[in-house]
S.K.: 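Can you read through this structure? Questions will come right after.
Sequence lines set the chain letters: A, B, ... in the order given, protein chains first and strands last, and positions in each chain run from 1.
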Amino acid sequence: MNKIPVIVIFGPTAVGKTEFLLNFSRISEIVNLDSLQVYKYMDIGTAAPEREITDRIKHHLTGFLTPDREFGAGEFVREGDRLCSEIYERGRIPLVSGGNAFFLMNFIYGLPESPESSPEIREKIQIRLETEGPESLRRELEKVDPVSFNRISENDHYRITRALEVFHASGRPLSSFKVPDRPREKYDFLLIGLIRDREELYSRINRRVEIMFENGLVDEYRKLRKMGYGEADPGMSGIGYSEFLLMERTGCFTISDIKELIKQDSRKYAKRQITFFKKLENVIWESPENSDSILDKVRSFLSKYNFNI
RNA sequence: GCCGCUGUAGCUCAGUCGGUAGAGCAGAGGACUGAAAAUCCUCGUGUCAUCAGUUCGAUUCUGAUCGGCGGCA
C-alpha cells in the first residue's frame with residue numbers, strides 16, 4: 001500500500017509557525033492543528049492566520065465552527081484523515097500545522113479504542129461531582145477501574161470524570177481499552193518541531209498579546225458576549241477569552257490586569273506544549289530562523305514522492 | 001528637619017517569646033487513554049538592608065547609618 005506523505009510543522013504558541021508555512025505555498029494545503037482556530041468570530045485572540053497568508057496557501061479547519069460546538073481529538077483525526085487524502089489526491093502534499101500536541105498524538109498514532117466522549121453522561125457525572133463531592137466519585141472509580149484510580153491524581157476531577165464516563169458508556173473500565181503505541185501505517189510523516197530559546201519565545205508571546213489588544217481583542221470579546229457566548233461554550237475556554245470571563249465573574253481586574261494574565265497564561269501554555277511535544281519521536285527540532293536547514297530536510301523527504309518545493 | 005511605621009526568596013508578605021526561616025504569586029521540571037489554549041503532579045538557601053553592641057549564640061534585642069512609606073513642619 002502506498003503511504004500518504006504528510007508534513008507536520010508544530011511548535012509552541014508564537015514560535016513563528018504561520019510565517020514559515022509560506023515556504024510551502026506551491027505544493028501544499030494546510031490542515032490546522034490549533035484547537036481554537038477552528039472557531040469563527042475569534043480571529044484576534046486565537047492569532048488566526050491573516051488573509052494575506054490564507055490567500056497564498058489554502059487553510060482547512062480554520063474559522064468554520066461556532067464557539068458553542070465541541071471540536072475534540074476525535075473530530076480532528078476524522079477531519080484530518082479526510083483532508084489529507086483529499087489534498088494528496090489533488091496532487092498536493094498535506095501539511096498539518098499547529099500547536100495542539102494532544103490532537104497530533106492522536107493523529108499520528110490513531111485514536112484509542114475507548115468510546116468517544118459523551119456530553120450527556122459527562123454532565124450527569126459532573127452534577128454528582130457537585131452534589132456528592134469528589135470523594136464519592138473516587139470511591140466508585142476505585143471499585144470499577146482500580147487501574148485508572150491509581151493512575152489519576154485525586155485532584156484531577158477532569159480525568160476522574162472521564163474515566164467514569166467511559167465506564168458508564170461502555171460498561172468497561174477505561175484502562176481495559178488498548179491505546180495505540182506506534183504511528184499509523186497509512187502515513188509517512190515528516191515531523192518538524194519549531195523551537196526557540198525560552199526567553200525569546202516568551203518575549204514573542206508578550207509582544208503578540210500586546211498586538212492582539214491593539215487589534216481590538218476587547219471588542220472581539222464584547223461581540224462574542226453580545227452574540228450570547230459565555231462560560232459554557234468550548235470556544236470561550238481559550239486563552240484570551242476565559243480571562244475576560246473571569247474578570248466579569250469576579251469584577252476584580254482591570255483591562256491591563258487581564259492583558260498581563262493573558263500573557264502569563266500563554267507562557268504557561270507554551271511550556272506545557274513543549275513538554276508534551278518532547279515526547280514525540282523522530283522529530284526534527286529546529287529554530288524557524290534556520291529555515292534553510294529545515295527546507296533541505298523537506299526536499300529530501302519530498303524527493304521520494306517526486307515533489308519539490 | 002522632627003515624629004511614627006517599615007526594610008526577610010524575582011514580587012507580595014508571614015515568622016523566629018534569641019538556637020541561621022516559610023506561604024502565595026512568578027519561575028522550572030513532569031504527566032496527558034476521543035472535553036486538551038483543558039486538567040493535574042513535583043520543586044523554596046535566601047549576605048533575613050549595612051555596621052557596631054549585648055550574648056555561648058543575633059535575622060530576632062539595643063544603637064547608629066542608609067533606603068522606602070505616612071504624618072507634622
Side-chain angles (χ1 to χ4, degrees), chain A residues 10 12-14 32-39 42 45-48 67-81 98-107 109-123 125-126 129 134 138 145 147-167 169-170 172-181 198-199 202 205-206 208-209 212 231-243 245 257 260-280:
Chain A
F10 59 91
T13 184
N32 165 47
L33 179 70
D34 275 312
S35 47
L36 280 152
Q37 284 183 14
V38 302
Y39 294 116
M42 308 181 80
T46 65
D68 56 324
R69 307 282 299 281
E70 268 184 11
F71 189 82
E75 286 78 22
F76 177 78
V77 173
R78 200 153 39 238
E79 291 299 297
D81 282 346
N100 192 312
F102 183 62
F103 285 9
L104 180 57
M105 210 187 62
N106 280 284
F107 187 69
Y109 290 90
L111 292 166
E113 289 170 350
S114 45
E116 69 182 298
S117 151
S118 156
E120 297 77 34
I121 297 176
R122 193 199 313 157
E123 204 187 322
I125 297 168
Q126 274 164 344
L129 178 65
R138 289 188 73 232
D145 184 354
V147 176
S148 296
F149 173 82
N150 283 316
R151 199 149 53 195
I152 300 170
S153 152
E154 61 178 310
N155 295 322
D156 199 345
H157 301 165
Y158 188 95
R159 290 196 166 77
I160 292 170
T161 304
R162 167 65 187 157
L164 286 175
E165 175 199 313
V166 168
F167 182 77
S170 67
R172 281 176 56 189
L174 174 62
S175 55
S176 73
F177 291 96
K178 252 199 3 223
V179 350
D181 57 356
R198 194 63 64 92
E199 215 172 300
Y202 283 4
I205 289 173
N206 295 342
R208 192 165 78 173
V209 172
M212 285 177 182
E231 308 264 355
D233 297 304
M236 297 296 275
S237 68
I239 295 168
Y241 304 95
S242 61
E243 293 84 355
L245 288 168
D257 292 336
E260 293 312 306
L261 236 191
I262 291 174
K263 288 180 187 172
Q264 194 178 98
D265 287 344
S266 303
R267 280 183 249 129
K268 287 178 168 171
Y269 175 52
K271 189 162 124 53
R272 269 178 277 137
Q273 287 176 296
I274 292 167
T275 302
F276 208 148
F277 283 135
K278 279 197 283 200
K279 280 213 313 196
L280 294 171

S.K.: Searching all strands shown, indicate the nucleotide that pairs with B/rG53 (Watson-Crick or G-U wobble; both distances under 3.5 Å).
M.R.: B/rC61
S.K.: Only one of A/Arg267, A/Arg272, A/Gln273 clears side-chain hydrogen bond (donor to acceptor under 3.5 Å, both in side chains) with A/Tyr269; which?
M.R.: A/Gln273
S.K.: Where each residue is assigned the nucleotide of RNA chain B containing its nearest heavy atom, which of A/Ser175 and A/Ala47 is assigned the position nearer the 5′ end?
M.R.: A/Ser175
S.K.: Work out how far the C1' atom of B/rU16 is from that of B/rC48, and round it to whole angstrom.
M.R.: 10 Å
S.K.: Between A/Lys268 and A/Ser153, which residue's closest nucleotide on RNA chain B lies nearer the 5′ terminus?
M.R.: A/Lys268
S.K.: For A/Thr13, which contact category applies under a 4.0 Å heavy-atom criterion: base, sugar-phosphate, or nothing?
M.R.: nothing
S.K.: Nearest whole Å is fine: how far is B/rG34 P from A/Arg69 CZ?
M.R.: 21 Å
S.K.: Heavy atoms under 4.0 Å, any strand shown: does A/Gly238 hit a base, just sugar-phosphate, or nothing?
M.R.: sugar-phosphate
S.K.: Nearest heavy-atom pair of A/Ala270 and A/Thr13: which atoms, and what distance?
M.R.: CB-CG2, 3.9 Å
S.K.: Could you please spell out the steps behind the side-chain contact (heavy atoms from CB on, under 4.5 Å) verdict for A/Arg172 and A/Asp145?
M.R.: CA-CA 8 Å; A/Arg172 281 176 56 189; A/Asp145 184 354; over 6 Å; no
S.K.: Looking only at the side chain of A/Gln264 (C-beta and beyond, no hydrogens), which of the listed nucleotides B/rU33, B/rA35, B/rA26 gets closest?
M.R.: B/rA26
S.K.: With a 3.5 angstrom cut-off on both distances, give the Watson-Crick or G-U wobble partner of B/rC69, or none if there isn't one.
M.R.: B/rG4
S.K.: Decide yes or no, distance alone: a donor-acceptor N/O pair under 3.5 angstrom between the base of B/rU33 and the side-chain of A/Arg151.
M.R.: yes
S.K.: With rounding to whole Å, what would you report as the distance between B/rG15 and B/rU20 at their C1' atoms?
M.R.: 13 Å
S.K.: Would you classify A/Gln126 as touching base, sugar-phosphate or nothing, given that sugar-phosphate means primed atoms plus P, OP1 and OP2, and contacts are heavy atoms under 4.0 Å?
M.R.: base
S.K.: Minimum heavy-atom separation for A/Pro134 and A/His157, please, with both atom names.
M.R.: CB-NE2, 3.5 Å
S.K.: Can you tell me the distance, in whole Å, between the CG atom of A/Leu129 and the C1' atom of B/rA35?
M.R.: 14 Å
S.K.: Pick the C1' atom in B/rU59 and in B/rA21, then give their distance to the nearest Å.
M.R.: 9 Å
S.K.: Once you apply a heavy-atom cut-off of 4.0 Å, does A/Thr46 come out as touching a base, just sugar-phosphate, or nothing?
M.R.: base
S.K.: Which nucleotide, in any strand shown, forms a Watson-Crick or G-U wobble pair with B/rU39, with both distances under 3.5 Å?
M.R.: B/rA31
S.K.: Whole angstroms only, please: what is the CG-C1' distance between A/Asp145 and B/rU33?
M.R.: 10 Å
S.K.: Using modelled atom types only, decide if a donor and an acceptor are shared between the side chain of A/Tyr39 and the backbone of A/Arg69 within a distance under 3.5 Å.
M.R.: yes
S.K.: Does A/Asn32 use its side chain to pair, donor to acceptor, with the backbone of A/Asp34 at less than 3.5 Å?
M.R.: yes
S.K.: Between B/rA64 and B/rG46, how many Å separate the two C1' atoms, rounded to a whole number?
M.R.: 26 Å
S.K.: Can you say whether a donor on the side chain of A/Glu70 sits under 3.5 Å from an acceptor on the base of B/rA38, or the other way round?
M.R.: no
S.K.: Between A/Arg122 and A/Ser117, do the side chains contain an N or O donor and an N or O acceptor separated by less than 3.5 Å?
M.R.: yes
S.K.: To the nearest Å, how far apart are A/Glu231 CD and B/rA38 C1'?
M.R.: 14 Å
S.K.: Within the sub-3.5 Å range, which N or O atoms of nucleotides 28-32 of chain B have a protein N or O partner, and how far apart are they?
M.R.:
from: B/rA28; atom 1: OP1; to: A/Arg198; atom 2: NH1; distance (Å): 3.2
from: B/rA28; atom 1: OP1; to: A/Tyr202; atom 2: OH; distance (Å): 3.0
from: B/rA28; atom 1: OP2; to: A/Tyr202; atom 2: OH; distance (Å): 3.2
from: B/rG29; atom 1: OP1; to: A/Arg198; atom 2: NH2; distance (Å): 3.4
from: B/rG29; atom 1: OP2; to: A/Arg198; atom 2: NH1; distance (Å): 3.0
from: B/rG29; atom 1: OP2; to: A/Arg198; atom 2: NH2; distance (Å): 3.3
from: B/rG29; atom 1: N7; to: A/Lys271; atom 2: NZ; distance (Å): 2.5
from: B/rG30; atom 1: OP1; to: A/Lys278; atom 2: NZ; distance (Å): 3.2
from: B/rG30; atom 1: OP2; to: A/Lys278; atom 2: NZ; distance (Å): 3.1
from: B/rC32; atom 1: OP2; to: A/Lys279; atom 2: NZ; distance (Å): 2.6
from: B/rC32; atom 1: N4; to: A/Phe276; atom 2: N; distance (Å): 3.4

S.K.: Short question: side chain of A/Ser237, backbone of A/Asp233 - any donor-acceptor pair under 3.5 Å?
M.R.: no
S.K.: Expressed in whole Å, how much space separates the P atoms belonging to B/rG53 and B/rU60?
M.R.: 14 Å
S.K.: Using Watson-Crick or G-U wobble geometry with both distances below 3.5 Å, tell me the partner of B/rC11, or none.
M.R.: B/rG24
S.K.: Does A/Asn106 place a side-chain N or O at less than 4.0 Å from the phosphate oxygens OP1/OP2 of B/rU33?
M.R.: no
S.K.: How are the rings of A/Phe71 and A/Phe76 set relative to one another: parallel (under 30°), tilted (30 to 60°) or perpendicular (over 60°)?
M.R.: perpendicular
S.K.: A/Arg78 has an atom CZ; how far is it from atom C1' of B/rA35, in whole Å?
M.R.: 14 Å
S.K.: Can you tell me if A/Tyr241 uses its side chain to pair, donor with acceptor, with the backbone of A/Met42 under 3.5 Å?
M.R.: yes
S.K.: Using atom C1' of each nucleotide, how far apart are B/rC51 and B/rG70 to the nearest Å?
M.R.: 27 Å
S.K.: Measure from CZ on A/Phe76 to P on B/rG34 and round the result to the nearest Å.
M.R.: 16 Å
S.K.: Whole Å only: how far is the OH atom of A/Tyr158 from the C1' atom of B/rU33?
M.R.: 12 Å
S.K.: Could you measure between the two C1' atoms, the one in B/rC61 and the one in B/rC2, and give it in whole Å?
M.R.: 26 Å
S.K.: Which part of the nucleic acid does A/Tyr241 contact within heavy-atom distance under 4.0 Å: base, sugar-phosphate only, or nothing?
M.R.: nothing
S.K.: Please determine, for B/rU47, whether a Watson-Crick or G-U wobble partner exists with both distances under 3.5 Å, and give it or none.
M.R.: none
S.K.: If I take atom CG in residue A/Asp257 and atom P in nucleotide B/rC25, what distance separates them, rounded to the nearest angstrom?
M.R.: 17 Å
S.K.: Could you work out the separation of B/rU50 and B/rC13 based on their C1' atoms and round it to a whole Å?
M.R.: 22 Å
